[in-house]
Amino acid sequence: MPELVVEIDGQQQALDPGRSYLIGRDPAADLRFEDARVSWRHATLARREGGWLLTDQGSTNGTFAQGVRTREVPLVPGTEIRLGSAASGPRLVFRAPVAAPVPTTPVLPPVPWHAAVTGGSTPSPFPAAAFPAAAFPQQRDRSAPTVIRSLSPTVRTIRIGRALDNDVVLPDLQISRHHAELRQLPDGRWEIVDLGSHNGIFLNGQPVYRALVGEQDRLTVGRSSFALIGGQLQEYVDDGAVTFSARHLSVQVPHRGGPRTLLRDVGFTVPEKSLVAVVGPSGSGKSTLLRALTGYRPADQGQVLYDGRDLYRQFAELRSRIGLVPQSEIMHRELTVRTALRYAAELRFPSDTEAAERERRIDEVLYELRLDQRADSRISTLSGGQQKRVSVALELLTKPSLIFLDEPTSGLDPGMDREVMQTLRKLADDGRTILVVTHSVAELALCDRLLVLAPGGSVAYFGPPDEALYFFGYQSWADVFQAFENHPDHDWAGRYRGSPHHQEYSADSAATPLPVLPVDRPRTEPPKPQRWRSQLWTLVRRYLTVIGADRGFLALSLLLPLVLGGVSALIPDNCGLVDCAGPAQNPGARMILLVLAVGACLAGAANSVRELIKERPIYERERATGLSRSAYLMSKVTVLGAVSVVQGGLISAVGFGFRELPDRGLLITGAPAVEMAVGLTLLGFVSMMVGLVISALVRTAEKTMPLLVMFTIVQLVFTGAVFQVYDEPGLEQFAWLMPARWGVAAAGNTLDLAGISPVAAGTDQLWTHSAGILILNWLVLLAFAGLLGLLVNRLQRRHEPEVMQRG
């Protein structure tokens with residue numbers, strides 16, 4: 001006879017103790033649900049020693065028993081479970097079999113979890129030696145732990161991680177399989193040790209590798225926080241039900257007429273699991289506020305509190321809880337939806353995450369955002385609303401509790417505007433807090449709260465959207481914005497502070513005045529990535545996939561060196577690239593090398609001059625989620641360097657392949673053409689690095705082309721092949737800074753260019769037919785590449801969240 005029966009929508013199914021059951025939207029699930037709040041693989045049911053146990057498998061919206069979200073629930077007759085929502089999610093009721101004997105005593109109400117566990121009828125799923133008891137709160141209490149585990153004096157090590165063989169199992173894909181260990185020292189104190197995890201551990205908001213943990217400390221692993229109190233390990237899980245507050249935020253920027261205020265004493269508190277819209281006229285500080293709230297540009301004064309914790313000071317820990325969808329797209333449009341999500345998952349999840357785990361999470365996100373039917377479509381072919389949903393999907397991979405969006409409906413028609421806002425409404429209903437900056441006022445009724453900023457960056461209104469127009473006393477938002485423009489000196493913020501709306505919706509955020517923060521507010525250094533090579537490999541593969549999908553770029557990359565090399569064939573020459581008989585020598589050799597060198601410069605720099613600027617929004621967002629700057633830049637150098645090498649070889653093949661060359665090289669004796677090609681290829685590689693510098697330096701893509709032309713012309717002039725630069729004080733030293741000067745010389749050493757084609761009377765020492773000088777030219781080009789790489793790395797820091805710029 002079965003021990004337990006599960007009832008779903010009035011239908012009952014007996015549970016077989018000899019097997020386990022999968023619950024979710026997966027068609028292969030044993031208990032399948034179509035509700036979008038249920039994850040693909042939501043939970044499992046299995047018989048353990050002592051009774052049945054339901055285990056949440058890291059679902060997006062959680063598993064609830066008696067109104068409290070939990071990961072593991074001991075099951076007894078009468079237990080009721082909700083999936084995805086504590087109030088309205090799909091319900092599972094567990095009952096005793098109908099054929100069971102009727103008890104002679106009155107039927108008791110469902111046994112509370114803590115009574116079932118501590119009473120012995122349903123033992124804890126944790127090892128008895130380490131955690132003999134567990135307590136579960138009966139109602140939501142932000143100060144109460146989710147799980148309490150008593151610590152036995154005999155236990156010396158408690159391992160925390162995602163794998164089932166850990167003592168504390170945390171089903172979160174951002175947690176490594178074996179993440180960290182709590183170790184009891186001989187004196188009774190506890191020490192936390194990172195086991196080489198991907199996303200690190202945090203003690204009181206700061207990243208640590210090994211540290212002592214006291215009773216006043218808060219240890220955080222993924223979305224779970226732990227405290228050691230009175231011989232107990234208390235766990236608090238961030239399930240999305242968190243408040244978010246801004247207190248007295250002010251931002252100023254330097255200006256010729258004195259400091260200019262962009263935000264002025266902005267304060268508000270966002271309710272948990274709500275949708276909040278931020279609107280205001282141009283120049284009211286909406287984008288500045290978004291950067292301040294997310295830590296990209298911290299406010300000069302004030303605090304941003306995530307569930308009562310300072311975001312600026314604990315950014316390294318809290319950054320994974322916050323999603324940001326900027327106005328610019330944060331995905332490569334050349335990729336398909338699924339491919340883009342796969343690469344994002346590889347970068348954001350630990351390297352020990354199995355491909356099947358990542359795919360399950362991707363499937364869940366695609367289904368939740370109704371993108372499953374377009375998963376294999378190229379992003380560039382999707383509608384504007386669908387593309388914005390893909391950007392949101394990237395952020396949902398890590399299950400953030402708080403999501404910010406900057407102008408998600410910009411450029412969309414009214415229908416797509418509504419579609420995007422309805423999607424955000426659904427995400428908030430499913431257990432997240434959404435804050436959206438928008439210029440559109442058509443769908444504000446979908447929001448729970450509305451924040452209106454007045455010119456000058458002050459709060460003119462915060463409260464329910466349906467009361468806003470009444471508050472301002474106008475019939476339309478056009479009238480409100482026009483009033484802002486017509487009455488710029490009106491104290492809109494003072495009017496709001498004196499209103500009942502302020503007392504009801506914003507009084508808490510303004511109750512305690514905060515002191516002016518010191519100028520040297522501490523910056524948060526991001527934890528060093530644990531898997532640098534893994535990140536590099538993922539980035540290289542993604543970049544190759546993007547390039548491979550752009551056939552136009554591939555064709556141009558092959559055509560450009562062929563054309564540039566072919567131009568040199570138009571230069572007349574009577575004796576190739578060797579010394580001509582007679583006093584005329586061979587002036588054409590110098591011109592041929594000049595054209596080939598300029599071609600290498602142009603091809604190399606053109607490859608990279610727009611690479612960083614066009615991916616800047618992608619880089620900024622991924623950097624905030626833990627991307628290694630050096631791994632990102634090395635992926636560009638690796639792929640573009642390979643392209644430059646191929647292009648250098650093609651230019652050399654066309655330029656040297658049909659001309660007479662010296663019989664022997666200086667170092668590569670049997671292949672003088674290869675030896676000369678090395679110099680041109682190194683020049684192309686260095687020029688590619690210059691292109692990256694330009695791309696990191698500029699703020700708009702339009703500025704790259706003029707700088708590319710300027711760089712190429714300057715290289716042409718200072719090669720030393722147009723006019724004499726050697727033995728010219730000042731001019732010669734300046735020419736040393738030009739890569740083309742050394743590239744022409746490196747190719748010219750093999751030819752003895754100083755002897756067969758001098759520019760003027762005398763001998764250019766860099767063109768001398770000498771193996772030592774050839775090696776010097778090569779080394780200088782390599783040194784240029786290294787120094788330019790350091791410069792690019794430095795320039796990229798400017799495009800990162802300000803709290804990370806010292807990292």
Side-chain angles (χ1 to χ4, degrees), residues 244-253 255 257-271 274-293 297 299-305 404-407 410 435-514 516:
F244 186 78
S245 300
R247 293 191 175 184
H248 305 284
L249 298 183
S250 295
V251 174
Q252 291 184 332
V253 294
H255 195 262
R260 179 185 175 190
T261 300
L262 302 182
L263 286 183
R264 187 187 303 275
D265 197 25
V266 173
F268 58 91
T269 297
V270 177
S274 60
L275 175 60
V276 181
V278 180
V279 301
S282 298
S284 59
K286 299 189 297 295
S287 297
T288 302
L289 175 63
L290 188 65
R291 290 193 294 269
L293 294 178
R297 198 292 187 187
D300 301 313
Q301 298 179 29
Q303 285 183 320
V304 176
L305 301 179
F404 293 91
L405 298 99
D406 187 10
E407 300 283 5
S410 177
L435 192 147
V436 52
V437 173
T438 179
H439 69 282
S440 174
V441 296
E443 304 298 333
L444 294 181
L446 293 172
C447 302
D448 300 295
R449 293 288 186 271
L450 174 65
L451 174 65
V452 182
L453 293 179
S458 58
V459 177
Y461 174 83
F462 181 73
D466 55 356
E467 300 177 17
L469 288 177
Y470 174 80
F471 173 84
F472 287 109
Y474 291 100
Q475 298 295 320
S476 69
W477 284 105
D479 294 331
V480 175
F481 287 176
Q482 189 173 17
F484 286 149
E485 182 178 353
N486 294 338
H487 306 284
D489 297 329
H490 182 71
D491 187 8
W492 297 100
R495 180 176 181 269
Y496 172 66
R497 285 195 297 269
S499 70
H501 285 81
H502 178 268
Q503 294 299 319
E504 183 172 358
Y505 301 110
S506 296
D508 291 343
S509 63
T512 306
L514 298 176
V516 177

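- The structure places CZ of Arg449 at 10.5 Å from OG1 of Thr269, a figure rounded to the nearest 0.5 Å.
- Atom-to-atom distance recorded for Phe481:CZ and Ser282:OG is 9.0 Å, nearest 0.5 angstrom.
- In this structure, Tyr496 contributes its side chain and Val459 its backbone to no donor-acceptor pair below 3.5 Å.
- Residues Leu444 and Val441 approach most closely at CG-O, 3.5 Å, considering heavy atoms.
- Checking each of Asp406, Leu262, Val437 against Ser287 for a side-chain contact (heavy atoms from CB on, under 4.5 Å) leaves exactly one that passes, namely Asp406.
- Nearest heavy atom pair, residue Ser284 against residue Ala454, reads CB-O, 3.5 Å.
- For the atom pair CG of Leu450 and OH of Tyr505, the computed distance is 11.5 Å after rounding to the nearest 0.5 Å.
- With hydrogens and angles ignored, the 3.5 Å screen pairs no side-chain donor or acceptor of Gln301 with any backbone N or O of His248.
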Quiz item: Is there a side-chain contact (heavy atoms from CB on, under 4.5 Å) between Leu290 and Val278 once you walk through the steps?
Solution: CA-CA 9 Å; Leu290 188 65; Val278 180; over 6 Å; no
Exercise. Tell me, with the steps shown, if Phe244 and Val276 meet side-chain contact (heavy atoms from CB on, under 4.5 Å).
Key: CA-CA 11 Å; Phe244 186 78; Val276 181; over 6 Å; no
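- Note: His490 and Trp492 have perpendicular aromatic rings, judged against thresholds of 30 and 60 degrees for the angle between ring planes.
- Residue Ala292 comes nearest to Leu263 through the heavy atom pair CB-CD1, 4.4 Å, listed as atom of the first residue, atom of the second, then distance.
- Between the NE2 atom of His501 and the CZ atom of Arg495 there is a distance of 10.0 Å, given to the nearest 0.5 Å.
- Side-chain contact between Leu289 and Phe404 is absent, with no heavy-atom pair separated by less than 4.5 Å.
- Taking CZ of Phe462 as the reference point, atom CG of Leu451 lies at 6.5 Å (rounded to 0.5 Å).
- A donor-acceptor contact shorter than 3.5 Å is absent between the side chain of Lys286 and the backbone of Leu453.
- Closest of all the heavy-atom pairs between Gln252 and Arg297 is O-NH2, 3.4 Å.
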Practice problem: Could you go through the side-chain contact (heavy atoms from CB on, under 4.5 Å) check for Val480 and Phe471 one step at a time? | Solution: CA-CA 10 Å; Val480 175; Phe471 173 84; over 6 Å; no
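- Taking OG of Ser476 as the start and CD of Gln482 as the end, the distance is 8.5 Å to the nearest 0.5 Å.
- Under the 30°/60° scheme for interplanar angles, the aromatic rings of Tyr461 and Phe472 are found to be tilted.
- With respect to Leu249, the side-chain contact (heavy atoms from CB on, under 4.5 Å) criterion is satisfied by exactly one of Asp300, Leu293, Asp265: Leu293.
- The number of heavy atoms from other shown groups lying within 6.0 Å of CD (Glu467) is above 12.
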